[in-house]
Amino acid sequence: MAHTFRRCSLALIFITMWLLIKAKIDECKRGDVTVKPSRVILLGSTVNISCSLKPRQGCSPYSRRNKLILYKFDRRINFHHGHSLNAQVTGLPLGTTLFVCKLACINSDEIQICGAEILVGVAPEQPQNLSCIQKGEQGTVACTWERGQDTHLYTEYTLQLSGPKNLTWQKQCKDHYCDYLDFGINLTPELPESNFTAKVTAVNSLGSSSSFPSTFTFLDIVRPLPPWDIRIKFQKASSVSRCTLYWRDEGLVLLNRLRYRPSNSRHWNMVNVTEARGRHDLLDLKPFTEYEFQISSKLHLYKGSWSDWSETLRAQTPEEEPTGMLDVWYMKRHIDYSRQQISLFWKNLSVSEARGKILHYQVTLQELTGGKVMTQNITGHTSWTTVISRTGNWAVAVSAANSKGNSLPTRINIMNLCEAGLLAPHQVSANSESMDSILVTWQPPRKDLSAVQEYVVEWRQLHPGDDTQIPLNWLRSPPHNVSALISENIKPYTCYEIRVYALSEDQGGCSSILGNSKHKAPLSGPHINAITEEKGSILISWNSIPVQEQMGCLLHYRIYWKERDSNSQPQLCEIPYRVSQNSHPINSLQPRVTYVLWMTALTAAGESSQGNEREFCLQENVTVFFIYRLSVFLAALRPQWCSREIPDPANSTCAKKYPIAEEKTQLPLDRLLIDWSMPEDPEPLVISEVLHQVTPIVRRPHCSNWPQRGKGIQGHQASEKDMMHSASSPPPPRALPAESRQLVDLYKVLESRGSYPKPENPASPWTVLPAGNLPTHDGYLPSNIDDLPSHEVPLTDSLEELEPQHISLSVFPSSSLHPLTFSYGDKLTLDQLKMRCDSLML
């Protein structure tokens, strides 16, 4: 069967060759194409191409009817009527160009006569940079060279090697791109100084060229094999102060070079060693670090070439005791009158400081007064929280431990970081630098500047709920710096609470601000969850916007309301954003009217879309509504309603019961707050003396009748009340916290015993007068409470800037009170006073 298959294969080959020969014969059976001087020419040469018909192969016996056409590829370049055609061609490009001769007969397609390929090339250039090498002592000699310019023709290369005793080796390469040949012979070290000569010759149809001879010895061309079987051994298991690198080499190797580096580095450390005999000691490796090692070899100090680099050995050095100290920070929180919570935070040591895998951290808490260690704790986390007494002086020490030992402890004294107001930095600002960084700047403390030892910039994501799980970040800055770029754990469209602490040896001061790296309008508005009625006003409660939808630091809330089915513009009330605030009263709604209410939120980039809508109808309180309407009516008639039937104060029960009681009235009044009772039955005014050394500020939300959607709000420095921890900066000289918004600084408080709400009711409107708005002449009472200013006194105004204004009490005409011109000694009783509508008489 195998014999039959062989016979079929030979038959197939024969048929294929016959078809190819027949195709060649048939290709030019009608005529011939000749090229002179040759079908292989030098670039730039001219050729003559002739096309002729064989006998009886034309269209007709008459030659004028035979039209011969010469094509260059598919482009016609010449034609002629007759039995032959001659054409001269110049400017042929490098490479192969095809010419075809065709016969065109009348009413017939063109018939191909014959064709020719013309090869255009150049003579070979002289081969350059001939070099030979033998890889390893048992390898073979191989040579390489540079061919030079491509000839575009078939070129043959011959490599010849001559040695001592007239030995000659020769090898040819017929590859068009030949530039490498291996003799297949091995040079031995018996004659290391014997000379060998190599030469390469290139030949093609247009010429030949030979390289310069290259002469070398055995040591020149033999390149050792790369070292193998590399390993490392540490002399002491507990130290990397000395380690030894081992490897294997060829027998004739004299010189080695070693290179090594940490795996995460791009820079190599290089060492050259002579006659190492396969080992070398390294002394400067870092502990607990993965290194890469490579080795190369050479047979002679000056001759020959280096071997290729060995395969890479990767090994990790042993651990050693940590050398760095932890960066520790802390936060204090008051729990109650006797306890406080201390939260410690620290950063991981760097790899070079840890010098091993950190297994745990040791925290020691000590009360300094007694000197007794209260708590020792071991944790694997980078934070620790405990509860201690608010009394006494406390200190903590934190250290890191690996398998070889502990780092030096970081010791800090627990103090109130924001206690020293004089150390608080001022003019703190936070500006976006990029999508993931914020530039924080500040000014040094106005006083005790020399006491500042360092600044600490602390930031954490602002979260309206429990923030104990929110990561805390911080960095330290020397006392001469007044700016810091924070980028750790900074994400765009996220609000951060940023604090700047100025620390001295035993105290600190701080200031805070809110900031974000990038912001835009919130994605949604607050969700109103309840509306309740409280004594003629309403209290709106809402759910906070989810943190992921706030898109930056919120600046304000806006509450909108309008009558249901009304096309009028809604009214609005703008409330400064407070982290913990989720309700606000509104007291300007009319009874028995159904209102639609909704809320929005604003960042510095603009206003959110509105939240959910809620409807509410305020129920009418008949008594309050009647008194309110009557008071409004009488307010317009106050200068005229007073009559001479005002009761005589001398007939009052109080005057008869206590005729000699001293009423020390200090005039003029510096502050007034009056809630009016039923006007048809005036009741006595109660005059109470209170403290008068602090000027109160009553902050009211700014309200407007017209909404301004989409308006950007710039600036959002957080107040001390808004911050999530206590701050050391004292409140401004004229600002009071919300819980102390009582009129503790008024000289007199005028109270009316009626059915109206008391001033402490948050829904009750009340006004505080600045000291400068009261009269300064002795003996006068204010007489027009309607003229009292209702706007908020700016925080930056000082008491000296408030100009005195005339204020009158509208219950009496402005002319009804005159200076007291008579003296009654140091006692003045009500039975000696007579009050009329137009004057005060004694």
Side-chain angles (χ1 to χ4, degrees), residues 464 495 514 519-546 549-618 697-719 721-722 738 761-767 789-794:
C495 187
L514 300 181
H519 55 244
K520 59 183 178 181
L523 300 181
S524 63
H527 181 87
I528 300 176
N529 56 39
I531 301 177
T532 57
E533 181 176 352
E534 294 185 358
K535 297 181 180 180
S537 65
I538 65 171
L539 183 67
I540 301 177
S541 301
W542 62 85
N543 296 331
S544 299
I545 302 175
E549 296 182 6
Q550 292 181 8
M551 309 311 292
C553 293
L554 297 182
L555 303 182
H556 298 91
Y557 287 129
R558 283 180 180 173
I559 303 176
Y560 291 86
W561 68 89
K562 69 175 182 177
E563 296 182 12
R564 186 178 62 185
D565 302 328
S566 173
N567 294 326
S568 61
Q569 291 286 346
Q571 293 180 293
L572 69 87
C573 186
E574 191 170 88
I575 312 164
Y577 172 74
R578 302 290 183 269
V579 174
S580 59
Q581 182 179 6
N582 60 359
S583 64
H584 185 75
I586 298 230
N587 53 15
S588 58
L589 303 186
Q590 299 297 324
R592 297 189 298 179
V593 177
T594 301
Y595 290 90
V596 179
L597 301 95
W598 67 90
M599 293 183 64
T600 62
L602 293 90
T603 65
E607 186 176 10
S608 72
S609 59
Q610 74 177 52
N612 66 315
E613 292 185 353
R614 290 289 294 263
E615 292 186 358
F616 189 82
C617 180
L618 183 65
I697 295 299
V698 179
R699 302 188 63 88
R700 289 188 173 185
H702 168 69
C703 297
S704 171
N705 290 332
W706 303 103
Q708 299 181 7
R709 287 186 173 274
K711 182 177 180 181
I713 308 296
Q714 298 298 328
H716 43 281
Q717 182 159 351
S719 68
K721 183 177 182 296
D722 300 338
N761 188 336
S764 302
W766 48 283
T767 306
S790 62
H791 61 278
E792 177 186 324
V793 180

Under the side-chain contact (heavy atoms from CB on, under 4.5 Å) test, residues paired with L523 that sit two or more places apart: E549, M551
Taking every non-hydrogen atom, the tightest pair across Y595 and L597: O-CD1, 3.9 Å
Minimal non-hydrogen separation, A601 against I545, with atom names: CB-CD1, 3.4 Å
Nearest-0.5 Å distance, OG1 of residue T603 to NE2 of residue H519: 6.0 Å
S608 to G525 - nearest heavy-atom pair and separation: OG-CA, 3.6 Å
Spatial distance of atom CD1 (I575) from atom CG (L555) [nearest 0.5 Å]: 13.5 Å
Nearest-0.5 Å distance that lies between atom CE in M599 and atom OH in Y560: 10.5 Å
Contact summary for P522 and E607, nearest pair of heavy atoms: CD-C, 4.4 Å
W561 vs R614, side chain to side chain contact (heavy atoms under 4.5 Å, CB included): CA-CA, chis, key distance, verdict: CA-CA 9 Å; W561 68 89; R614 290 289 294 263; over 6 Å; no
Within-4.5 Å side-chain heavy-atom neighbours: P585 and E534: no
Distance-minimising heavy-atom pair for F616 and E533: CZ-CB, 4.0 Å
For S566, all residues meeting side-chain hydrogen bond (donor to acceptor under 3.5 Å, both in side chains), sequence neighbours excluded: S568
Point-to-point distance, once rounded to the nearest 0.5 Å, from CG of N543 to CG of N529: 4.5 Å
Over all atoms of both residues, closest heavy-atom pair of L514 and C553: CB-SG, 3.8 Å
From S583 atom OG to I538 atom CD1, the distance as rounded to the nearest 0.5 Å: 12.0 Å
Residue from I586, T600, I528, L572 passing side-chain contact (heavy atoms from CB on, under 4.5 Å) with I559: I586
Residues which pass side-chain contact (heavy atoms from CB on, under 4.5 Å) with V596, listed by chain and number, not counting sequence neighbours: R564, W598, E613, E615
CG-OG distance between L618 and S537, expressed to the nearest 0.5 angstrom: 8.0 Å
